[in-house]
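Below: one structure, written as structure tokens.
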Amino acid sequence: MASKPRKVLIFGLDGPVAPALLKYCREGKLPAMARLINTGVLAPNAMVPLPTATPANWTSIGTGTWPGTHGISDYNIRVPGTPLDRAHMAFHSPDVKAEYIWNAIARADKKSIVVNFVTTWPPVVDKGIQIGGSGCDINQWFHPNLAVENRESGEAPEAVRLDEAGLGTGEAAPGLFADCAYAGLFCTSDFQPASKTPVRIELGEPEGWINLPAGKRFLAADLQVRPEGCRYTVIGPCWQLLLVDEGEGFTRALVCDGTDAAQPMASLAVGDWSAVLERTLETERGMVPCAFALKLLGLSADGSSVRLYHSPLCALDGWSSPAPVARKIHSAKGLPDPDGGFYGYNQGWFGADTLLEAIEMQRQWYADACAHLMKSEPWDLFFMRYHLPDTSWHSLSEVLDPTLAKDPEERRRHEAIELGIYEACDRLAADLIACIDETETLQVLISDHGAKPAGHAGIDTNAILQKAGLLVRDAAGKVDWSQTRAISRPVCWIHINQKGRDPDGIVTGGDEYRQAQEAIITALTDYVDPVSGRKPVLFALRKEDARFMNIYGEQAGDVVYALKHDHGSQHGPFLPTADYQGGSLRGLMAFSGPGIRKGVQIERNVWCIDMVPTVCHLAGWPVPRETEGAVIYQAFEANA
């Protein structure tokens, strides 16, 4: 085996619980990742920045720099000099101020393929290929970016759409978008999910149908697709549904583009998925090819109750650079799904079994796309980020907490779901590794943060500031900037309304500024949660004091705080050492391949920003210009 790699494969997982993943590896349930770890070096004390936030920490991983250097501190960006309650979402590549590894190695004429790396759209890969980067998954768009007033400000949201140069305005509601549209459900009125209303259908005798199949009875309905969450306006098609009673009750559903039963797009029994279907949809940006799949979730024997799910309508282009690359990717059984089935699951449309099937279709698409690119395109660096664990734990927080199961059987179901999530990650890892020559390729497994179960409620920071007299509202509930000394910005920042720096600043520098900091710190650290009876704030620090935690820069607040592990959601305003009910916020880092020691665990702390300089040192590549991480020499063989 060569002491230096010719190629590098980096597989990034977003939000895995490292102790759980490693336990499943030891039990032999995740063979691909277990083999990578067991034949290389594992760093179990992998630290990530505060806050434990996806766009900030992946940007740190990709550049080898702290958030204060690369400029992405959180889920949102505040432009200095603008009102303190204004921010735009932190998924816009022009906001990144540090060089990525793929652009650094391009200076040495090395080529990269980057798949699904957040905060990289508009595209940022100089030499090579980029797939996705506008959101957390392909066809998920936080771009065009949306600047919105902090909802806690008490003012009506006001949206600003940023074009690809980061300029210009337009009308758009704040939120997350899909291309072409999120999933939908057609059902009869008997089904009443707890949340979003699906499309109700009215069944009747078939009219105008031709080529009916053999059957005793038939019922038909229009299926008017109602596109939701669209990046661009989409004209929903109207499909046709034909239910067939073949003699023992209604057991089959035909879904057609028109009323010719001889040409169904799908013929389904209960529990069946269709094949992956492709259609061209009329949208605001023109005719867009998209893919989707259908599943018949329910059909009563008398035909009175029907539930038919359609997956997201997944655009087959518009997310790659160069643009023609997208249409060269084909997946017979996979979908470039923007949410992996969680949209429908969260609406109460179906349960865990269907969710895991939808996850597998998304995973299969990533596997097929990556295999195509790895085999057909030149590359020196291949970097794939998989968001599945993070999405899972936000929707399935109860799965992480063993104390929430009502009985042992429910806990077994929760553990099966958790294992199913990690098995999908492992299958994708195996598919990537199958495309490389392991004797010449360095393999890296890394994550941006972990996750924990949701504990007691988080804190309403602005309510705390208001009670302390630091934030003042008028009779209409709007912020009175003439009296407001501080305001909070998610997820761990308090900004002082400073004179000469902020548009409506009233706090002068020097002693008055420091007194405001101390007042904020006292208000936060004295706060007692009325439900838990505990003080949920772990610490609150002046920005100057937080520098020892590598928190600095124009995006950091004047006061920085963190919550205790048993309050708040799955990740965010927590230290990377936080753990709770089996969850852990620690990162994950492992190396395997040429020049790497075998079967070694290094106990020293490593930081996610150390990955880039370590890889570049071993491969002999240029290091990104702003890199602040350190080479992990303890991972190398003696002759590397």
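Each residue takes its place number in the sequence, starting with 1.
Between the side chain of Thr627 and the backbone N or O of Thr63, at least one donor-acceptor pair lies under 3.5 Å. Remark: the backbone N or O of Asp504 is paired with a side-chain donor or acceptor of Asn497 at under 3.5 angstrom. A distance-only check finds a donor-acceptor pair linking the side chain of Glu628 to the backbone of Trp66 [under 3.5 Å]. The main-chain N or O of Ala630 is found under 3.5 Å from a side-chain atom of Asp610 such that the two form a donor-acceptor pair. Within the 3.5 Å criterion, the main-chain N or O of Thr65 finds a donor-acceptor partner in the side chain of Ser60. No donor-acceptor pair under 3.5 Å is formed between the side chain of Asp390 and the backbone N or O of Gly15. At distances below 3.5 Å, not a single donor-acceptor pair connects side-chain atoms of His617 with backbone N or O atoms of Val623. A donor-acceptor distance shorter than 3.5 angstrom exists from the side chain of Ser397 to the backbone of Ala454, with no hydrogens or angles considered. Within the 3.5 Å criterion, the main-chain N or O of Thr82 finds a donor-acceptor partner in the side chain of Arg78. Side-chain atoms of Asn139 come within 3.5 Å of backbone atoms of Ala315 as a donor-acceptor pair (strictly under, hydrogens ignored).
Inter-residue side-chain proximity for Pro338 and Tyr343 is flagged as unmet; no heavy-atom pair is nearer than 4.5 Å. No side-chain heavy atom of His495 sits less than 4.5 Å from a side-chain heavy atom of Asp502. Between His92 and Ile77 there is no side-chain heavy-atom pair separated by less than 4.5 Å. The shortest distance between side-chain heavy atoms of Ser311 and Met361 does not fall below 4.5 Å. Ile436 has its side chain out of reach of Lys7: every pair of non-hydrogen atoms, C-beta onward, lies at least 4.5 Å apart. Contact check for Leu396 versus Leu355: side-chain heavy atoms found under the 4.5 Å cut-off. Under the 4.5 Å side-chain criterion, counting only non-hydrogen atoms from C-beta, Val225 is in contact with His310. Using a 4.5 Å heavy-atom threshold, the side chains of Phe91 and Ile72 count as separate.
Classified by interplanar angle (parallel below 30°, tilted 30° to 60°, perpendicular above 60°), the ring pair Tyr100/Trp102 is parallel. Relative ring orientation between Tyr75 and His571 is described as tilted, the plane-to-plane angle lying within the 30° to 60° band.
The nearest pair of heavy atoms linking Leu84 to Trp481 is CB-CH2, 3.9 Å. Taking every heavy atom of both residues into account, Thr461 and Ser488 meet most closely at CB-OG, 3.5 Å. Heavy atoms only, all atoms of each residue included: Ala98 and His70 are closest at CB-CB, 3.7 Å. The heavy-atom pair separating Ser447 from Trp58 by the smallest distance is CA-CH2, 4.2 Å. Contact between Tyr309 and Pro312 at its shortest, heavy atoms only, is OH-CD, 3.9 Å. Among all heavy-atom pairs drawn from Leu442 and Pro594, the shortest one is N-CD, 3.9 Å.
Take Ala104 and apply the side-chain contact (heavy atoms from CB on, under 4.5 Å) test, not counting sequence neighbours, and it matches Glu99, Arg107, Pro624. Partners of Ser320 under the side-chain hydrogen bond (donor to acceptor under 3.5 Å, both in side chains) rule, at least two apart in sequence or in another chain, do not exist in this structure.
To the nearest 0.5 Å, atoms CG (Leu432) and CG (Leu9) are separated by 5.5 Å. One distance of note links CD1 of Ile496 with NZ of Lys543; it measures 10.5 Å at 0.5 Å rounding. Note that SG of Cys370 is 8.5 Å distant from CD1 of Ile113, once rounded to the nearest 0.5 Å. The line from CG of Leu313 to CD of Glu228 is 11.0 Å long, rounded to the nearest 0.5 Å. Considering CD of Gln555 and CH2 of Trp493, their distance stands at 9.0 Å, rounded to 0.5 Å.
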Discussion item. Could you walk me through whether Asn116 and Ile138 satisfy the side-chain contact (heavy atoms from CB on, under 4.5 Å) test, starting with their C-alpha distance in whole Å, then the side-chain angles of each, then the deciding distance to 0.1 Å, before giving a yes or no?
Written reply: CA-CA 7 Å; Asn116 201 39; Ile138 305 299; 4.1 Å; yes
Discussion item. What verdict does the ring pair (Phe, Tyr, Trp, His ring centres under 6.0 Å) test give for Trp319 and Trp121, after you've listed the backbone C-alpha separation in whole Å, the side-chain angles of each residue and the deciding distance to 0.1 Å?
Written reply: CA-CA 9 Å; Trp319 35 255; Trp121 201 271; 9.0 Å; no
Fill in: Derivation of the side-chain contact (heavy atoms from CB on, under 4.5 Å) call for Ile101 and Cys616
CA-CA 8 Å; Ile101 180 176; Cys616 291; 3.9 Å; yes
Worksheet entry | Working for side chain to side chain donor-acceptor pair (under 3.5 Å), residues Asp339 and Thr391 | CA-CA 8 Å; Asp339 66 71; Thr391 306; over 6 Å; no
Discussion item. If you apply the rule side-chain contact (heavy atoms from CB on, under 4.5 Å), what do you find for Ile131 with Tyr366, and how did you get there?
Written reply: CA-CA 10 Å; Ile131 301 294; Tyr366 277 122; over 6 Å; no
Worksheet item: Step by step, would you call Met549 with Val560 a side-chain contact (heavy atoms from CB on, under 4.5 Å)?
Response: CA-CA 11 Å; Met549 301 171 64; Val560 180; over 6 Å; no
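Sorted by first and then second residue, the salt bridge (charged side-chain N to carboxylate O under 4.0 Å, His left out) pairs with a member in residues 48-76 form an empty list; sequence neighbours excluded. The salt bridge (charged side-chain N to carboxylate O under 4.0 Å, His left out) pairs that include a residue from residues 54-68 number zero, where partners must be two or more places apart or lie in different chains. Within the structure, side-chain hydrogen bond (donor to acceptor under 3.5 Å, both in side chains) pairs that include any residue of residues 325-338 comprise Ser331-Asp368 (at least two apart or interchain).
Phe117 does not carry Arg385 over the face of its six-membered ring by the limits of under 6.0 Å from the centre and within 45° of the normal.
Counting heavy atoms of neighbouring residues, nucleotides and ligands inside a 6.0 Å radius, atom NZ of Lys97 does not exceed 12 of them.
Using modelled atom types and a 3.5 Å distance limit, the side chains of Thr119 and Asp95 yield no donor-acceptor pair.
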For a quick test of your reading: what N or O donor-acceptor pairs under 3.5 Å do the side chains of residues 371-384 make, sequence neighbours left out?
unit_1: Ser376; atom_1: OG; unit_2: His372; atom_2: O; d: 2.5
unit_1: Trp379; atom_1: NE1; unit_2: Met374; atom_2: O; d: 3.1
unit_1: Asp380; atom_1: OD2; unit_2: Lys111; atom_2: N; d: 2.7

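The aromatic ring centroids of Trp393 and Tyr422 lie less than 6.0 Å from each other.
For the pairing with Leu428, the side chain to side chain contact (heavy atoms under 4.5 Å, CB included) check across Gln362, Arg363, Glu423 returns one residue only, Arg363.
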